[in-house]
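This report refers to the structure that appears directly beneath it.
FYI, side chains are in, hydrogens and waters are out, and symmetry mates aren't considered; it's all heavy atoms of this structure. Because the structure is predicted, anything quoted here is derived from the model rather than measured.
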Amino acid sequence: MREILDNQVRADELVALLRSVPGRSGASDAQLRATVVQLLGAVNYHAVSGPTFRGVC
């Protein structure tokens, strides 16, 4: 997540990649950046929640 905040070039590359997804070409840069942050946040949350899920099940 920090990489996206600190590295404008990387953030722009991810926005461009997301813009190429069908249905996203008309989205604003702000919408695309928010989507990138949400997607990365979900991946990060999933990665760190494994021990909790294993402990519950």
#### Entry: Basic-acidic side-chain contact under 4.0 Å: Asp12, Arg19
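Looking at Arg19 together with Asp12, the answer is no, because their closest N to O distance does not fall below 4.0 Å.
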#### Entry: Gap separating the CZ atom of Arg33 from the CG atom of Leu18, nearest 0.5 angstrom
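With rounding to 0.5 Å, CZ (Arg33) is 11.0 Å from CG (Leu18).
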### Task
Could you tell me the separation between the CG atom of Leu17 and the CD atom of Glu13, rounded to the nearest 0.5 Å?
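Here the rounded value is 9.5 Å.
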#### Entry: Verify same cluster id: Leu40, Val37 (apolar side-chain graph, 4.5 Å)
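Yes, Leu40 and Val37 fall within the same hydrophobic cluster.
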### Query
So if you build clusters from Ile, Leu, Val, Met, Phe, Trp, Tyr with side-chain heavy-atom gaps below 4.5 Å, do Val15 and Val21 land together?
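Yes; tracing contacts between hydrophobic side chains, which count when under 4.5 Å, links both residues.
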#### Entry: Of Val36, Val9, Leu32, Asn7, the residue whose pairing with Leu14 passes side chain to side chain contact (heavy atoms under 4.5 Å, CB included)
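The passing option is Val36.
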Considering only distance and modelled atom types, tabulate donor-acceptor pairs under 3.5 Å from the side chains of residues 47-57, sequence neighbours left out.
from: Ser49; atom 1: OG; to: Tyr45; atom 2: O; distance (Å): 3.0
from: Ser49; atom 1: OG; to: His46; atom 2: O; distance (Å): 3.1

